[in-house]
Amino acid sequence: MITMRNVTKSYADKPVLADVNFEVKQGEIFGLLGPSGAGKTTIINILTRQIEPDGGEAFIDVTPREVGIMLDSGGLYSHLNCLENLDLYARIYDLPKGTAQKVLENVGLGEDTKKAASQLSRGMSQRLALARAILYSPKLLFLDEPTSALDPGTARGICKLLRKLCDEGATIFLTTHNMDEALKLCDRVALLHEGKIVEQGAPEALCSNYNAMRTVPDLEAVFLQLTGVEL
């Protein structure tokens with residue numbers, strides 16, 4: 001579904017990505033983990049054709065209309081309420097009446113449909129941005145920190161929703177700083193450090209490989225062991 005081969009990218013002669021290689025299989029949740037500045041957002045921007053790589057190949061196996069993107073809570077229409085924000089896109093995609101309301105309920109905004117986007121908290125704006133990304137049931141979802149700024153209960157609900165979407169056939173590519181979330185939610189992860197993939201694989205397998213005691217899985221400890229840097 002997603003392929004990156006030997007991808008490089010620099011800004012003002014400063015390397016941001018160096019020989020990045022990975023593949024994402026159809027129907028899986030793939031997590032990209034790394035500290036701020038590691039190059040995670042640059043990878044998403046390349047895959048979604050917002051910027052071009054300097055070298056290598058990057059492509060996705062779906063059409064643009066089959067892709068949902070949530071990079072942040074930006075792009076919302078502040079003068080419209082939650083329902084109006086989604087109804088606008090529902091009309092563009094000719095979705096059945098009531099779709100916007102249902103999706104708002106799925107992300108925990110069912111009682112806030114009339115609240116203006118300008119009046120939403122950061123966490124609520126995050127949920128509205130996620131609702132917009134999943135509104136038309138895309139085959140491929142790019143999610144940048146989808147549960148940041150959310151309370152633990154809401155975050156668990158969002159993770160449950162993402163797993164349901166995956167079970168229904170969607171492929172999900174997400175970035176996260178939440179190691180526990182990555183362990184429980186992702187089928188595979190890639191650890192990114194200074195623009196390089198230092199390790200990738202199933203979360204529990206990575207933890208087992210780098211934990212001689214074979215005890216509690218800890219992705220953060222694995223990253224620290226590989227890079228000397230804390231997430």
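As the structure is a computational prediction, the values presented were derived from the model and not from experiment. This chain uses plain numbering: 1 for the first residue, then up along the sequence.
Look at Asp19 and Arg5 and you find no salt bridge, because none of the NZ, NE, NH1 or NH2 atoms lies under 4.0 Å from a carboxylate O. Between Asp87 and Arg91, no side-chain nitrogen of the basic residue sits less than 4.0 Å from a carboxylate oxygen of the acidic one, so the salt-bridge criterion is not met.
Between the CG atom in Leu17 and the OG atom in Ser10 there is a gap of 8.5 Å [rounded to 0.5 Å]. Atoms SG and CD1, from Cys186 and Ile172 in turn, are 9.0 Å apart once rounded to the nearest 0.5 Å. Between the CD1 atom in Ile43 and the CD1 atom in Ile197 there is a gap of 5.0 Å [rounded to 0.5 Å]. To the nearest 0.5 angstrom, Lys115 atom NZ is 12.5 Å from Leu104 atom CG. If you take OG1 on Thr113 and CD on Glu105, they are separated by 9.0 Å, rounding to the nearest 0.5 Å. In this structure, the separation between CG on Leu32 and CZ on Phe22 is 6.5 Å, given to the nearest 0.5 Å.
Here the side chains of Gln200 and Leu191 are not in contact, with every heavy-atom distance at 4.5 Å or above. Val107 has its side chain out of reach of Leu128: every pair of non-hydrogen atoms, C-beta onward, lies at least 4.5 Å apart. Considering only heavy atoms from C-beta on, Tyr210 comes within 4.5 Å of Glu199 through its side chain. Two residues are said to be in side-chain contact when any heavy atoms from C-beta on lie closer than 4.5 Å; Glu28 and Phe173 fail this criterion. Two residues are said to be in side-chain contact when any heavy atoms from C-beta on lie closer than 4.5 Å; Leu162 and Ile158 meet this criterion. Taking 4.5 Å as the limit, some side-chain heavy atom of Leu120 sits within range of a side-chain heavy atom of Ser125. The side-chain heavy atoms of Phe30 and Asp187, taken from C-beta on, include no pair separated by under 4.5 Å. Looking only at side-chain heavy atoms (C-beta outward), Glu23 and Ile2 stay at 4.5 Å or farther from each other.
Between His193 and Phe223, the angle of the ring planes goes over 60°, which puts this pair in the perpendicular group of the 30/60° scheme.
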side-chain hydrogen bond (donor to acceptor under 3.5 Å, both in side chains) for Asp144 and Thr41? Distances and angles first, verdict last.
CA-CA 7 Å; Asp144 195 2; Thr41 301; 3.3 Å; yes
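When only modelled atom types and interatomic distance are considered, Glu57 and Thr3 share no side-chain donor-acceptor pair under 3.5 Å.
Side-chain atoms of Arg127 come within 3.5 Å of backbone N or O of Gly108 as a donor-acceptor pair. No side-chain donor-acceptor contact under 3.5 Å links Ser208 to the backbone of Glu204. With hydrogens and angles ignored, the 3.5 Å screen pairs no side-chain donor or acceptor of Thr99 with any backbone N or O of Leu95. No side-chain donor-acceptor contact under 3.5 Å links Gln101 to the backbone of Gly98. In this structure, Lys9 contributes its side chain and Glu52 its backbone to a donor-acceptor pair below 3.5 Å.
Between Ile60 and the options Leu140, Thr171, Val24, a side chain to side chain contact (heavy atoms under 4.5 Å, CB included) holds for only Leu140.
Remark: Arg156 CZ is loosely packed, at most 12 non-hydrogen atoms of other residues, nucleotides or ligands lying under 6.0 Å away. More than 12 non-hydrogen atoms from other residues, nucleotides or ligands lie less than 6.0 angstrom from OH of Tyr93. Heavy atoms of other residues, nucleotides or ligands lying less than 6.0 angstrom from CD of Glu230 number 12 at most. Gln26 CD: 12 or fewer foreign heavy atoms inside a 6.0 Å radius.
In plain terms, the two heavy atoms of Leu150 and Gln126 that are nearest each other are CD2-CB, 4.4 Å.
Val62 and Ile69 end up in the same hydrophobic cluster when Ile, Leu, Val, Met, Phe, Trp and Tyr side chains are linked at under 4.5 Å.
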